[in-house]
There are 2 protein chains.
Amino acid sequence: MHSKPTMKDVARLAGVGTMTVSRFLNGTASVSKETAARVDKAIHELNYRPNEMARALRGRRSRSIGLILPYLYDTFFSGCGHAVSTVAKQHGYSVLITTSNEDPDTEFNEAALMLQRSVEGLIVIPANHGETRLNRALLGRVPLVAFDRPICEPAFDSVVVQNESGALRMVEHLIKHGHKKIFFMGMSAKVYTVHARLQGYLKAIAEAGLESYESFQCQTPESTLQEIEKHLRMKTPPTAYFTSNTLATRFVFTALLQLGVRIPHDAALAGFDDFELADLTSPSLTVVRQPAQEMGRVAASQLFERLKRGETGQPGCRTVLPVELVLRRSCGCEHEGAVVVQ
Amino acid sequence: MHSKPTMKDVARLAGVGTMTVSRFLNGTASVSKETAARVDKAIHELNYRPNEMARALRGRRSRSIGLILPYLYDTFFSGCGHAVSTVAKQHGYSVLITTSNEDPDTEFNEAALMLQRSVEGLIVIPANHGETRLNRALLGRVPLVAFDRPICEPAFDSVVVQNESGALRMVEHLIKHGHKKIFFMGMSAKVYTVHARLQGYLKAIAEAGLESYESFQCQTPESTLQEIEKHLRMKTPPTAYFTSNTLATRFVFTALLQLGVRIPHDAALAGFDDFELADLTSPSLTVVRQPAQEMGRVAASQLFERLKRGETGQPGCRTVLPVELVLRRSCGCEHEGAVVVQ
DNA sequence: ATGAAAGCGCTAACAA
DNA sequence: TTGTTAGCGCTTTCAT
């Protein structure tokens with residue numbers, strides 16, 4: 001056989017019509033046992049595999065979904081991606097993946113391209129909050145689930161974590177350690193999660209009757225270092241830092257070490273988002289742990305639920321997943337190992 | 001408009017035949033300026049987007065490639081994936097992604113599924129060495145580029161790093177520090193990269209006239225801990241460890257810390273594969289750095305090169321990318337920061 | 001339970 | 001330069 005065998009080839013070999021082969025493969029209608037056996041034999045003999053493009057073109061279903069992440073090299077995002085991919089595989093679906101690089105236009109174009117490829121649904125971590133151009137007009141009837149950051153479009157589902165309350169609880173923890181001047185350090189106020197965590201920080205600070213301090217200079221290691229240097233020159237430098245995400249945590253941690261600040265003695269540190277090796281630094285890092293893979297799993301499940309029900313008009317729902325406080329040493333706790341607070 | 005506009009709709013609105021629209025879109029043949037303008041207007045008016053499935057079915061090109069990685073949650077793999085995705089986007093291609101979970105059968109099935117989806121090429125980090133079932137028979141004329149781990153099939157391209165010489169140089173470095181008993185710690189001898197790095201270790205050891213010690217117990221933190229405990233009970237415990245990959249490095253590092261071994265005083269440590277935060281541990285970790293993203297970039301470029309040339313008969317070539325030694329503190333070096341040796 | 005005909009949206013091949 | 005015809009491989013519809 002030169003090129004790939006088609007359904008016609010199978011039908012001919014089995015001595016039946018193509019529709020019988022199609023029905024056998026899809027279980028759309030009953031096929032007598034005998035013919036089924038003949039068809040099955042022919043399929044194996046030719047090593048026949050249906051052409052998914054033709055299937056998608058003729059039928060309604062492409063058995064594929066699209067996944068758009070800001071980046072793939074970030075552990076958090078790729079962890080989510082792994083979960084989505086796993087769920088899709090369980091449903092027999094393929095995943096088209098792409099990155100938006102946090103750019104709403106790229107995101108829009110990539111989404112459009114995926115729709116051209118007839119994906120049945122889209123799972124997205126939207127680019128910077130409020131700027132996403134994804135909407136019903138673009139998507140038509142195709143369902144979309146946003147996660148990590150919600151989309152303000154009522155028809156889309158969202159899956160997020162307890163950003164605000166997680167931050168609030170962690171800052172409360174720092175306050176319990178006796179800190180009065182706690183700095184919030186973020187990468188960018190434009191990102192939804194950073195903003196939400198800032199709100200939690202502000203609430204905790206306000207409830208304790210303290211003053212709030214925030215900075216969004218954690219763009220690069222250098223800018224972070226400069227910012228922290230500025231703090232050290234203050235009359236009363238901060239005694240604790242709360243960082244908005246992994247990268248901010250890393251940058252602040254590095255800067256503090258470089259500047260000879262002893263953690264947690266001179267300044268305590270706690271961050272949002274756990275990561276590998278956070279327990280191997282010195283001191284080990286206290287963080288809010290969010291369930292990255294679980295979030296991807298739930299988002300994907302939600303999408304497949306919609307696809308199964310075929311209900312497209314349903315309003316979107318928001319799922320909020322719980323976070324945990326992982327208390328290690330950088331906050332000032334002195335117990336051995338890590339204490340996880342649900 | 002109820003459902004999506006088709007080429008026919010555009011043709012009708014522009015008052016031309018569908019072929020003119022097709023030619024306009026693909027630049028296959030010249031279209032007069034006036035008609036081109038009318039077609040362009042119609043396309044924008046209807047917000048028409050060609051159906052990629054139909055294109056792929058009729059024409060030869062699906063403008064998509066498949067990417068198969070062992071896992072997606074591993075930073076190394078997802079970094080490679082990011083690079084592949086970026087290159088594909090530059091070429092206007094979409095990426096179907098999936099994970100093999102290091103299982104050759106899953107890998108085989110996923111590859112077959114991708115071929116059913118008419119991918120034009122495949123980029124793969126093959127599952128455990130020697131067991132991969134990917135071959136020309138499955139792939140037909142579809143090109144494949146293996147990276148990180150090569151595939152022993154002459155028609156496939158491979159992109160790898162200097163696993164053996166990188167390991168050799170690092171072990172030589174440990175030897176220069178005066179170590180006589182250096183343990184090689186790996187996760188699994190079945191993985192190509194681990195095997196290759198072991199060869200480098202063995203060569204360095206042999207050239208120095210030393211005795212070699214190897215263990216593949218770094219499966220879990222627990223098994224690693226047990227293994228190291230065993231070493232400590234030896235008459236002359238090892239004074240240095242060389243680890244085969246990130247996870248092994250982490251496990252050995254944690255175990256040594258837990259057992260109160262002072263690094264590098266009681267035992268030095270050096271590993272293959274750099275990772276974020278390797279410079280923030282205490283002591284900071286000396287590693288062989290391999291260019292993960294670069295490897296993905298080169299593999300993808302190689303694939304697109306083949307696609308462009310359309311030459312399918314060409315024998316596969318192997319590209320070897322250089323690694324760097326990143327000397328931090330865990331090996332016993334005492335300089336500030338990190339020294340990178342090309 | 002099975003088959004024949006039509007056509008999904010597009011493009012290669014030919015014709016004008 | 002442009003249009004017509006045919007058909008990629010499959011499934012829907014209608015017939016038997």
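Numbers restart at 1 for each chain; the letters A, B, ... are given by sequence-line order, proteins then strands.
The side chain to side chain donor-acceptor pair (under 3.5 Å) check on T18(B) picks up nothing, with sequence neighbours excluded.
Residue T132(B) forms a side chain to side chain donor-acceptor pair (under 3.5 Å) with just one option from R149(B), E107(B), E153(B), and that option is E107(B). Among D157(B), V298(B), V124(B), the single residue meeting the side chain to side chain contact (heavy atoms under 4.5 Å, CB included) criterion with V145(B) is D157(B).
The base of dG9(C) is not paired with the side chain of R55(B) by any donor and acceptor separated by under 3.5 Å. Between the side chain of R23(B) and the base of dG3(D), at least one donor-acceptor pair of N or O atoms lies under 3.5 Å.
Relative to the side chain of M19(B), the nucleotides dT2(D), dT4(D), dC10(C) differ in distance, and dT4(D) lies closest. The nucleotide whose nearest atom lies closest to any side-chain atom of A54(A) is, among dT2(D), dT11(C), dC10(D), dC10(D). The side chain of M7(A) has dC10(D) as its nearest neighbour among dA13(C), dC10(D), dC8(D). Nearest to the side chain of S30(A), among dC10(D), dG3(D), dA1(C), sits dA1(C).
As a whole-Å value, the separation of E52(B) CD from dT11(C) C1' is 13 Å. Note: CZ (R117(A)) to P (dG9(C)) measures 17 Å, nearest angstrom.
Residue T20(B) is the one, among L25(A) and T20(B), whose nearest nucleotide of DNA chain D lies closer to the 5' end (criterion: closest heavy atom).
Backbone-only engagement by T35(B) is indicated by non-hydrogen atom pairs under 4.0 Å involving sugar-phosphate atoms exclusively. Among the protein residues, F24(B) comes within range of no part of the nucleic acid, since none of its heavy atoms lies under 4.0 Å from any strand.
Side-chain contact check for R117(B) and S94(A): at least one donor-acceptor pair (N or O, by modelled atom type) lies under 3.5 Å.
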